[in-house]
K.L.:
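Quick one: the structure is below, and I'll ask about it shortly.
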Protein chains: 2
Amino acid sequence: MAKQVFKYVGQSVARVDGIEKVTGKAKFLGDLIVPGMLCGKILRSSYAHAKIVSIDTSKAEALQGVVAVLTAADIADLNAIYSGRPVIAMHKVCYVGEPVAAVAATEQAIAEEAAELIDVQYEELPTAVGIDAARAPGAALIHEGHSDNICSHESVARGSVQEAFAQSYLVVEDDFTFPMVYHYAMEPHAVIAHWNEDGVTVWSSAQHPFQVRNDIAKVFGVPTSRVRMVISYLGGGYGSKSYTKFEPLVVALARKAKAPVRVSNSVGESMLTVRRHAAKVRVKTGFKNDGAITAREAEIYLDTGAYDDNGPAVTIRAATRVLGPYRIPNILTHAYSVYTNSGSAGSFRAIGAPQVIFAGESQMDIAAMRLGMDAAELRLKNLLKKGEELRPGLKGIDADLHYGLKKLVVASQWKKSAKKKNKPVGLACAVTNAGATPVSVAMARLQSDGIVNILAGSTEMGQGVRTVLSQIAGEELTIPLDQIRVLGADTKVTPYDSSTGSSRSTTCMGNAVQGAARDLKKQLIAIATETFRVPQNQIKLQDGSLISGEARLTFKEALERRFGAGSGGELIGHGETTPAITDNKMPVFWEVGMGMVELDIDEDTGKVSIKRLISVADVGKAIHPEGCVGQEEGAAMMGIGHTLIEQMVYDASGNLLNPNLVDYRVPSFNDMPEDFHTVLVENQDGPGPYGVRGIGEGGLLSIAPAVCNALERATGVRIKDLPLTPERVWRALKDAKE
Amino acid sequence: MAKQVFKYVGQSVARVDGIEKVTGKAKFLGDLIVPGMLCGKILRSSYAHAKIVSIDTSKAEALQGVVAVLTAADIADLNAIYSGRPVIAMHKVCYVGEPVAAVAATEQAIAEEAAELIDVQYEELPTAVGIDAARAPGAALIHEGHSDNICSHESVARGSVQEAFAQSYLVVEDDFTFPMVYHYAMEPHAVIAHWNEDGVTVWSSAQHPFQVRNDIAKVFGVPTSRVRMVISYLGGGYGSKSYTKFEPLVVALARKAKAPVRVSNSVGESMLTVRRHAAKVRVKTGFKNDGAITAREAEIYLDTGAYDDNGPAVTIRAATRVLGPYRIPNILTHAYSVYTNSGSAGSFRAIGAPQVIFAGESQMDIAAMRLGMDAAELRLKNLLKKGEELRPGLKGIDADLHYGLKKLVVASQWKKSAKKKNKPVGLACAVTNAGATPVSVAMARLQSDGIVNILAGSTEMGQGVRTVLSQIAGEELTIPLDQIRVLGADTKVTPYDSSTGSSRSTTCMGNAVQGAARDLKKQLIAIATETFRVPQNQIKLQDGSLISGEARLTFKEALERRFGAGSGGELIGHGETTPAITDNKMPVFWEVGMGMVELDIDEDTGKVSIKRLISVADVGKAIHPEGCVGQEEGAAMMGIGHTLIEQMVYDASGNLLNPNLVDYRVPSFNDMPEDFHTVLVENQDGPGPYGVRGIGEGGLLSIAPAVCNALERATGVRIKDLPLTPERVWRALKDAKE
């Protein structure tokens, strides 16, 4: 097959939103002003677990400038539970920071003063903070009517692990813990809601506008098409803005205030709104003497906090993702999400993956040493081949994992490093069944000035989706990107898109946009066939014109042919992505993450840093290579965070002790490896346009295990708990010496 | 052919915008609040014709609360001329009320005070007020570089009128005048403009949002897709809100103020913004002794005011419309629009028609009496047959005029009345080549909650277009109207539509909406064929479901078949109207107007009133019968206005003397005929959906001539000048007696 030649695809073009962002003109939610808008403030519980005895709002309501005070009493008419949580605390509170009341006032200071004037009487209840406390016999029950604090359970089984372990040459079993971490998007959550005759309009920092729309419709009992979500640019998401957060609360407040209201979280409030699941993971794996994996058993507990959010989905993923990218004949995994008295955990870049892949990929090295095999060699032996099934019920692997791992081995000069005993190098690899939902609809509308408007409901949160969609449309229509305009997500304007998450937009929305552009192209060619009186196959698009031999028709001229000269008109193409994109088999694509690190270890202080990091991203096809590298490196930096630095610290009574950038540090440029390199694999074997597959999550999967593998290789010390703070490493080294 | 059975079409359903309008919830431009919006005031010329010597804005700018003062100096960078007028007066003013400067301030009172503080020095020039003054030898030239005050000229010719007159049995020649009248929509013009990084957003009481968008783009040199027009409900239009009025001025003011600005006209200001052309019409017609028309010659002068607006288009129409609905072998017409020192004339319900049809249809009765023929008989003899050509270059007549006139004769019991000598009855008939442009694009989007959003750029100005479009979509999709939502015109959201005017929306946009609904239907049926595994022809739509035998699939279920259960998604249908709708022949349709009146004449006071009015509207097919009758009767009332009551009075120095409802009276319920009846002709022979043709203008065409014809029949006095004020009638009767 002849190699396809691209003009816009595969080019690292300037971001279409670049100039407005660097010039500060881009509008984020905090920049919006809705006429008559009030300022909102949420009063949050100061107890981790308590009955609400009474709420007295009279002082607050009496304060000059207060328009409305919202409590559970105001939502009696609603279907008040969504994602397992109430719109506002009803009878009890289950975590410090849970919304108990909310105030709408003419000024922010008044709203905040009024919130303090609300008198809430609590009756404290025993707390269960952390997985162990919540699972302990006689632990306080966080939700009435439950027999324990298990929120959800998922199991994956194949064959008999017992028999397999019995027949194995080597069986290893280890316990790992993964810290509670926060996404730390630069922009905390913010919502503006306006309840009007027409329905509800909500401006929100939401990654999933259409899903939030549907939740609001359910909660308030209005038709979804009467709920309008308008999304500005987001200052980062990483999953923290997935699904519905406190939008329904703000809508209820606006409904009572009879005016638009904005509620903006502080960083601390956002850390209580959503975070990643802390985890305890036990993995047991059996091997033949040649290194072939015989069986894997896993028990996973995820700290999901007070309410479900999408903890159950995270649990489902974890139960599969713990299997890694390997051929495992016998499988038995159990994953549990556990209610605890803390803020809810939800989506976070690669849900349920880093926790379990840290465990599985650490254990692969533990086994390799016991087997006397090279870490890469052991992995290559067990890697799934393209088309092979990871487990029943899922689409076969659609990427060439061996090709990717060999790329990593070469690019990282692994063999040379591995020869040197004690050299602090380590690697890891992973594959995840992306959660991408294959439902996206897009439009391409050719305007009378020759501009093509792309209507796509994807949220631009910095990942560059508008740029990539412009490139796809430009490629199909042969027009430069300045003649294309991707409109922001607005559920009244842009067609349905299931979400912006799970690495799905380039593949799923990209496919819809490609379809829309091709539909538009078809209509243009139909006009040209009439004009030129030649069959379709003799017409081609080139530089925004329809060409047949010498004959040439610009898109604007084509519009005039259809609608008459100077009379306007427009052509509308639309395209869609449906489950048919992968013959109704899930996942839509497999996401690949592989990485190798070389460390600097200061044995005196225990400080570990990464001096070399090589990452392999199998992107199928890089629409925007720099963007892909940026995604991969950004993910890797997040991996460095939970590996070396980050941890949300709760005390026993459920108070978050480090809700700010001073006490909760994230990686900075000082933490960036000197030698930081990403290899893009482009076999064009993904399901998206031009063979693209989703990326952006895989990059963070290998960091933690690779670092711990390198640490052991260099020091003989295996650490199974993150993060690798200097203190933890120093103590481990010290204990080892004793 | 079997008679088609309709469910929603042909029903006088409740208006879809009824409840929000009667409950006061509907938003008009005056109800909108744009954040940070300033109040604007236009300083208008107090001279009809003068050089601007100097403008001193310093005092105004110094006033606390004034943000910007706009003068010609601020628009040097613009393509400042549109529709023949400048964005703001540049070197001279050409009418009393011409915008000379504008102020944007924090409060309306401040803007108005500031406007008064602007010191404009004028050097007066001789004026030319009215057609005669402007045409007089040595008349002041209103536009430099012109040799006279003729704005535009149109001529229609066929055969030789001279020879025909020479051979005619009877030749009649008469001079008529038609008054200067105003539309008097309840809502005066208003505009909000916001100049932002993204381009320009304009909220305007505009009938033609896309044309205004294009003008603004040209004036300010920005791409049209960077200009967004958002249209609320209009409080009436009647043509007064056609084309671009002062939107560019408000945009320029907002651009300078760096903030959104609203400018709202007073009634007086709107009367100076646009009006109907006053006219002087000379008509000469030849007849054979059997009444057959041999030739018609006409000379028409239209007072177009200071600037073109769309006077030239009105002139072009007048030159053809003076021919009436008759077979005329020899034709020579000349129509001229004349610049005068008064506010510009523009579109007004049935442009260029009432002036010339008053003349032509008055003359038909003059001739009938001279020929001793019955007025209906003479008309029937000369009426064009279906398919016959009125004049070269136009599509043949597409309506059965004889059928219509016979309907009128029967419904009005004409023969019985006509037998009685001196009975004050008169009739008239007309046909106009509608100016409807055949360019409309629409979308029908099926949402996941089963609601179908209709995206149509038509302006709802009270005529009921949203209701009619809902009926068409409901009919095609077999769903009740509460499951359909027609979104208002917003050039960012709704596809291109050339205008809301020329009676075009039901035919042209209706056709696009029907196409969009059918496209959606096709996609639904395609899903059903896969689901039911039967050929398309075995699937029908019924009550919002797809049916094949016993099998049934709701639209929502069809969506789920396509996109997966509970996963959202949407189907997008689109449709368009292009010149192909009538094989590129214009007009898209012929609009028919026929009416008969019976008068009450008080010979002592000269007061004439209409006690019986029968009107015939050939609608092709009535989508909403009550709506059609309302359109016809509303038009007739406007006809009563210019026939009996209305006239804008200018003094010689160009001051409008009656710029308000006290001094300029419009018909009220007291002026409504006791017996007021409309007959709908429904031969389904129009080009629109279900055979519809445009109406709403025809109803006012026959009133003036029918009234004057009835007056002569009763009193022997022929009046050729409107309006028939009591004084004018009393004097005419008195003169006749002497």
Side-chain angles (χ1 to χ4, degrees), chain A residues 20 23 25-27 32-37 196-198 210-211 213-214 217 223-226 437-443 445 447-453 455 483 485 487 490-493 495-498 516 559 562-564 566-574 576-580 584, chain B residues 20 23 25-27 32-37 196-198 210-211 213-214 217 223-226 437-443 445 447-453 455 483 485 487 490-493 495-498 516 559 562-564 566-574 576-580 584:
Chain A
E20 59 177 321
T23 55
K25 284 177 179 164
K27 292 264 177 293
L32 302 185
I33 298 167
V34 174
M37 183 170 67
N196 52 36
E197 308 81 31
D198 196 42
F210 287 86
Q211 293 191 35
R213 177 187 71 167
N214 296 351
T224 52
S225 56
R226 292 279 173 173
T437 334
V439 181
S440 293
V441 183
M443 280 191 265
R445 294 171 53 177
Q447 305 294 297
S448 51
D449 61 355
I451 299 287
V452 174
N453 284 340
L455 277 63
Q483 283 178 39
R485 199 156 165 236
L487 302 183
D490 175 340
T491 62
K492 179 185 169 189
V493 180
Y496 183 89
D497 178 42
S498 61
L559 268 181
R562 169 67 62 92
F563 294 104
S567 60
E570 73 176 79
L571 293 177
I572 300 171
H574 72 274
E576 55 190 32
T577 295
T578 73
N584 300 288
Chain B
E20 59 177 320
T23 55
K25 284 176 179 166
K27 294 261 176 297
L32 302 185
I33 298 168
V34 175
M37 184 170 68
N196 51 37
E197 308 80 31
D198 195 43
F210 287 86
Q211 293 190 36
R213 176 187 72 166
N214 297 351
T224 51
S225 55
R226 292 279 173 173
T437 333
V439 181
S440 293
V441 183
M443 279 191 265
R445 294 171 54 176
Q447 305 294 297
S448 51
D449 61 355
I451 300 286
V452 174
N453 284 340
L455 277 63
Q483 283 178 38
R485 201 158 163 232
L487 302 183
D490 175 340
T491 62
K492 179 185 170 190
V493 180
Y496 183 90
D497 177 42
S498 62
L559 270 180
R562 170 67 61 89
F563 294 104
S567 61
E570 73 176 79
L571 293 177
I572 300 170
H574 72 274
E576 54 188 35
T577 294
T578 74
N584 300 289

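Computed from a prediction, not measured in an experiment: that's the story for all the values here. Every heavy atom of this structure was used, including side-chain atoms; hydrogens, water molecules and symmetry mates were not.
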K.L.:
Can you name the nearest heavy-atom pair linking A:T224 to B:S448, along with the distance?
P.N.:
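In this case the closest contact between A:T224 and B:S448 is OG1-OG, 4.2 Å.
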K.L.:
Please state whether the side chain, the backbone, both or neither of B:L32 comes within less than 4.5 Å of a heavy atom of chain A.
P.N.:
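Neither part; nothing is under 4.5 Å.
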K.L.:
What are the two closest non-hydrogen atoms of A:G568 and B:Y496, and how far apart are they?
P.N.:
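Smallest heavy-atom distance, with atoms named: CA-CZ, 3.5 Å.
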K.L.:
Please look at A:T23 and chain B and tell me whether the side chain, the backbone, both or neither of the residue comes under 4.5 angstrom of a heavy atom of that chain.
P.N.:
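When you check distances to chain B, no heavy atom of A:T23 falls under 4.5 Å.
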K.L.:
For A:D490, give me all partners under salt bridge (charged side-chain N to carboxylate O under 4.0 Å, His left out), at least two apart in sequence or on another chain.
P.N.:
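Partners of A:D490 under the salt bridge (charged side-chain N to carboxylate O under 4.0 Å, His left out) test: A:R228.
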K.L.:
What part of A:V441 is in contact with chain B, defined as an atom under 4.5 angstrom from a non-hydrogen atom: side chain, backbone, both or neither?
P.N.:
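Side chain only.
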K.L.:
First locate atom NZ of B:K25, then atom CG of A:N196, and finally report the distance between them rounded to the nearest 0.5 Å.
P.N.:
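Answer rounded to 0.5 Å: 10.5 Å.
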K.L.:
Please rank A:M37, A:R445, A:Q211, A:Q447 by heavy-atom pairs under 4.5 Å with chain B and give me the top one.
P.N.:
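Most heavy-atom pairs within the cutoff with chain B belong to A:R445.
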K.L.:
Name the member of A:G450, A:G569, A:A217, A:P35 that forms the most heavy-atom pairs with chain B at distances under 4.5 Å.
P.N.:
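The option with the most such pairs is A:G569.
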K.L.:
Looking at A:G36, A:P438, A:A580, A:P495, which makes the most heavy-atom pairs under 4.5 Å with chain B?
P.N.:
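Max contact count across the listed options: A:P495.
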K.L.:
Among the options B:I572, B:T437, B:T578, pick out the one with the most heavy-atom pairs lying under 4.5 Å from chain A.
P.N.:
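Highest number of heavy-atom pairs under 4.5 Å: B:I572.
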K.L.:
What part of A:E570 gets within 4.5 angstrom of chain B, counting heavy atoms only: side chain, backbone, both, or neither?
P.N.:
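Both parts, backbone and side chain.
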K.L.:
Pick one of side chain, backbone, both or neither for B:K492, based on which atoms fall under 4.5 Å of a heavy atom in chain A.
P.N.:
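Both parts, backbone and side chain.
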K.L.:
To the nearest 0.5 Å, tell me how far A:D449 CG sits from B:R213 CZ.
P.N.:
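One gets 7.0 Å once the value is rounded to the nearest 0.5 Å.
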K.L.:
Given that the side chain runs from C-beta out, which part of A:M443 has a heavy atom under 4.5 Å from chain B: side chain, backbone, both or neither?
P.N.:
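Just its side chain gets close to chain B.
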K.L.:
Rounded to the nearest 0.5 Å, how far does CD1 of A:I451 lie from CZ of B:R226?
P.N.:
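Spacing of CZ (B:R226) from CD1 (A:I451) equals 7.5 Å.
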K.L.:
Under the salt bridge (charged side-chain N to carboxylate O under 4.0 Å, His left out) test, which residues partner A:R562, sequence neighbours left out?
P.N.:
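So A:R562 forms a salt bridge (charged side-chain N to carboxylate O under 4.0 Å, His left out) with B:E576.
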